[in-house]
**Student:** 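Before we start, here is the structure in question, set down as structure tokens.
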Amino acid sequence: MNDVQFSLEELATLREHGVVLFADRVIFEAQPPMPAQRIAAIEALCAGPLPEALAALWRQTAGGRLDYDLSLPMSGNVESISWSELFWDGSDGYRDLQGWIEHEQELAEEAAKEEGRAWGGKLTHLPFGGFEYLDRVYAVVEPGPEHGRIVAWKHGLPPAWTHALHEDSVSTIAPDLRGAFAALHLDEDPLAPTGDYFSGQALLQYLDDRHQDHGLDLDLMDKLVAFYCRAVVDWRTPLADGTLRRLPAIARAALHHAIGTDDADLVAQLAAAGVSFDGPQQGSALATDVAIGQGAFAAAMALVRAGAPVARDALGNVDGQISPELTSALLANGAEPSVAAIVKCAACGAPASAHLIADACAEAGIDMPPAFVIERDATLAELEATLLEVREGTHGHYLGAEGLAERIEHLQTFRL
């Protein structure tokens with residue numbers, strides 16, 4: 001990808017518009033540099049010196065926002081980490097930098113009490129970024145071989161969150177801050193997104209606002225966007241030269257694109273290139289789970305044909321008009337039938353698939369009529385309550401009022 005260089009004058013102009021470049025990544029809503037006395041005060045709270053790169057970052061900006069993708073292995077999952085903020089004092093986030101430091105001090109003191117030891121009063125891990133209370137990024141600040149390492153912590157979610165982490169987990173991002181910034185990437189081109197929500201959306205809106213309301217030069221803005229887009233993962237080159245199968249993280253980005261665009265041909269190309277579809281694609285979800293959940297049914301069928309594993313609960317992810325051909329293929333490759341899946345398919349307007357699953361349930365010995373009625377009535381009650389809330393304006397829903405009403409009608413008219 002073409003290199004993008006900025007003059008000192010251009011960097012100064014970007015700084016005026018709240019944009020700072022650090023370690024080849026873009027920080028926006030960038031705060032003024034952190035005063036030396038504040039850096040020293042934070043360092044005094046730590047068990048060892050501040051990592052050089054973190055001090056260098058703070059000398060450029062006391063904090064700001066990031067808009068990149070970051071995925072890490074955590075507890076057997078592939079987890080997306082929301083590192084959207086570099087904490088700063090006085091921010092209007094869930095907590096500001098000082099608030100997170102105090103929170104970490106409280107946790108460290110509580111842990112020491114529980115373990116029956118005295119706490120020395122110094123932090124070993126310094127929180128400096130993340131997203132609300134869910135994801136945090138720390139620099140290791142205790143002396144020793146781990147000093148300067150950047151780690152991510154993710155909050156476990158309740159069991160109802162299918163395929164999510166269900167316990168708090170930690171994973172290393174990189175040995176140092178510059179390496180952690182290098183790990184920030186874009187799974188897809190923000191100028192040609194495959195969905196309604198994508199990384200880059202917030203930054204592009206920020207820059208457009210700066211252009212419209214604050215006079216940011218359009219050419220400089222375009223140059224910055226070109227610089228930002230250098231972080232887009234290039235999977236096409238290794239796919240073409242036959243090396244993609246040896247690059248699992250990049251292959252995962254290619255598969256992300258194939259599912260996002262429902263591109264069966266690309267799935268077949270990835271399979272022919274030797275890309276493995278084993279293991280999680282997103283959270284604990286297999287690639288087939290992700291494709292089915294997103295309604296990428298052509299990609300899902302291509303995955304099954306390529307021998308991709310099918311989870312036992314794959315049919316529980318259905319959220320669209322799945323074809324009977326794909327339903328049969330899933331059942332034949334390990335997906336287990338369930339009454340809940342019958343109801344989902346019926347509600348989504350896929351009666352043929354619902355009947356296939358019902359037949360499989362009957363073969364498995366499930367007493368279908370009463371089980372179906374119980375599940376259908378519970379789902380109808382939930383849909384009707386949600387529709388009422390949407391019409392009253394008290395809640396939103398991705399289906400909207402029309403979509404919810406359609407699912408209710410489908411369920412009311414479906415017969416086993």
Side-chain angles (χ1 to χ4, degrees), residues 67-84 130-131 134-135 152-171 173 183-190 193-201 231-233 235 244 247-264 266-267 270-271 275-304 306-320 322 326 330 333-335 344 398:
D67 196 3
Y68 291 92
D69 295 305
L70 177 63
S71 296
L72 296 173
M74 280 187 168
S75 301
N77 289 8
V78 174
E79 287 295 325
S80 295
I81 306 299
S82 297
W83 185 4
S84 58
F131 173 68
L134 295 171
D135 296 10
W153 173 92
K154 193 170 186 70
H155 180 60
L157 296 173
W161 289 77
T162 307
H163 299 304
L165 278 176
H166 297 143
E167 58 183 19
D168 298 352
S169 298
V170 176
S171 184
I173 302 175
L184 296 170
H185 63 275
L186 296 167
D187 282 327
E188 59 178 309
D189 185 349
T194 59
D196 294 334
Y197 305 100
F198 54 93
S199 293
Q201 208 166 16
V232 175
V233 175
W235 50 265
L244 187 59
L247 305 166
I250 296 176
R252 198 159 47 245
L255 187 51
H256 170 91
H257 182 82
I259 293 171
T261 55
D262 199 12
D263 190 338
L266 179 54
V267 171
L270 296 175
V275 169
S276 172
F277 301 134
D278 294 340
Q281 169 72 14
Q282 182 178 306
S284 66
L286 298 169
T288 47
D289 293 324
V290 178
I292 293 163
Q294 292 184 10
F297 296 135
M301 180 62 89
L303 283 163
V304 176
V310 174
R312 293 169 59 188
D313 62 349
L315 289 166
N317 296 316
V318 173
D319 195 35
I322 186 171
L326 176 55
L330 293 170
N333 285 275
K344 275 197 168 188
Y398 73 100

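FYI, side chains are in, hydrogens and waters are out, and symmetry mates aren't considered; it's all heavy atoms of this structure. Quantities reported herein were computed from a predicted structural model and do not represent experimental measurements.
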**Student:** May I ask you to decide if Ala183's main-chain N or O and His185's side chain share a donor-acceptor pair within less than 3.5 Å?
**Tutor:**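 Here the side-chain-to-backbone pair exists.
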**Student:** Rounded to the nearest 0.5 Å, what's the gap from OG1 on Thr194 to CG on Asp263? Could you check?
**Tutor:** 11.0 Å
**Student:** So Val304 and Val310, side-chain contact (heavy atoms from CB on, under 4.5 Å) or not? Walk me through it.
**Tutor:** CA-CA 7 Å; Val304 176; Val310 174; 4.1 Å; yes
**Student:** As a quick check of understanding, evaluate side-chain contact (heavy atoms from CB on, under 4.5 Å) for Phe131 and Ser84, giving each step before the final call.
**Tutor:** CA-CA 6 Å; Phe131 173 68; Ser84 58; 3.4 Å; yes
**Student:** To the nearest 0.5 angstrom, please state how far the CD atom of Gln281 sits from the NE2 atom of His163.
**Tutor:**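 Reported to 0.5 Å precision, the distance equals 12.0 Å.
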**Student:** In the structure I gave you, are the side-chain heavy atoms of Pro73 and Ser171 within less than 4.5 Å of one another anywhere?
**Tutor:**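 Answer yes - side chains close enough.
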**Student:** Evaluate the criterion side-chain contact (heavy atoms from CB on, under 4.5 Å) for residue pair Trp83 and Asp135; output intermediate values, then yes/no.
**Tutor:** CA-CA 7 Å; Trp83 185 4; Asp135 296 10; over 6 Å; no
**Student:** Do Trp235 and Leu266 have side chains that get closer than 4.5 Å, going by heavy atoms?
**Tutor:** yes
**Student:** Keeping Asp262 on the side-chain end and Ala298 on the backbone end, is there a donor-acceptor pair under 3.5 Å?
**Tutor:**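 Indeed, once roles are kept as given, a pair shorter than 3.5 Å links the two residues.
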**Student:** Check Lys154, Met74, His155 against Asp168 for a side chain to side chain contact (heavy atoms under 4.5 Å, CB included) and give me the one that passes.
**Tutor:** His155
**Student:** Do you know which two heavy atoms are closest between Phe277 and Pro309, and how far apart they sit?
**Tutor:**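 Result for this residue pair: O-CD, 3.6 Å.
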**Student:** Quick check for you: to the nearest 0.5 Å, what is the distance between Asp289 atom CG and Ser284 atom OG?
**Tutor:**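 Going from the CG atom of Asp289 to the OG atom of Ser284 covers 7.5 Å.
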**Student:** Would you indicate whether the side-chain heavy atoms of Leu165 and Ser75 approach each other to under 4.5 Å?
**Tutor:** yes
**Student:** With side chains defined as the heavy atoms from C-beta onward, is the minimum distance between Asp189 and Pro193 less than 4.5 Å?
**Tutor:**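 SC-SC contact between Asp189 and Pro193 ruled out.
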**Student:** Could you tell me whether the side chain of His166 and the main chain of Trp161 form a donor-acceptor pair under 3.5 Å?
**Tutor:** yes
**Student:** Closest heavy-atom contact between His256 and Asp187?
**Tutor:**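 Result for this residue pair: CD2-CB, 4.1 Å.
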**Student:** For Gly130, is there any backbone N or O sitting under 3.5 Å from a side-chain donor or acceptor partner on Ser82?
**Tutor:** no
**Student:** Looking at every non-hydrogen atom in both residues, tell me the closest pair between Ala291 and Ile259 and how far apart they are.
**Tutor:**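 The answer is CA-CG2, 3.7 Å.
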**Student:** Show the nearest heavy-atom pair for residues Ala311 and Thr288, with the distance to one decimal.
**Tutor:**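 Of all heavy-atom pairs spanning Ala311 and Thr288, the closest is N-OG1, 4.5 Å.
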**Student:** With distance as the sole test, does Gln201 use its side chain to make a donor-acceptor pair with the main-chain N or O of Asp196 at under 3.5 Å?
**Tutor:**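 Yes: the side chain of Gln201 pairs with the backbone of Asp196.
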**Student:** Between Asp319 and Tyr398, do the side chains contain an N or O donor and an N or O acceptor separated by less than 3.5 Å?
**Tutor:** yes
**Student:** Could you grab the distance from atom CZ of Arg312 to atom CG of Leu330, nearest 0.5 Å is fine?
**Tutor:** 15.0 Å
**Student:** I need the minimum non-hydrogen distance between Ala231 and Tyr68, along with the two atoms involved.
**Tutor:**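 Looking at all heavy atoms of both residues, the closest pair is CB-CE2, 3.7 Å.
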**Student:** Any chance you could measure Ser276, atom OG, to Leu255, atom CG, to the nearest 0.5 Å?
**Tutor:**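 Here the rounded value is 10.0 Å.
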**Student:** First locate atom CG of Leu72, then atom OG of Ser80, and finally report the distance between them rounded to the nearest 0.5 Å.
**Tutor:**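 Going from the CG atom of Leu72 to the OG atom of Ser80 covers 9.0 Å.
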**Student:** Determine yes or no for a side-chain-to-main-chain donor-acceptor pair under 3.5 angstrom, with Asn317 supplying the side chain and Ile292 the backbone.
**Tutor:**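 Not at all, since once roles are kept as given, no pair shorter than 3.5 Å links the two residues.
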**Student:** Which atoms form the tightest heavy-atom contact between Leu244 and Ala254, and what is the distance?
**Tutor:** CD2-CB, 4.2 Å
**Student:** Heavy atoms, side chains only, cut-off 4.5 Å: are Leu184 and Asp69 in contact?
**Tutor:** no
**Student:** Counting distance only, does the side-chain N/O of Ser169 pair as donor-acceptor with the main-chain N or O of Glu167 below 3.5 Å?
**Tutor:**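 Checked: pair present.
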**Student:** Can you check side-chain contact (heavy atoms from CB on, under 4.5 Å) on Val78 and Gln282, steps first, answer last?
**Tutor:** CA-CA 5 Å; Val78 174; Gln282 182 178 306; over 6 Å; no
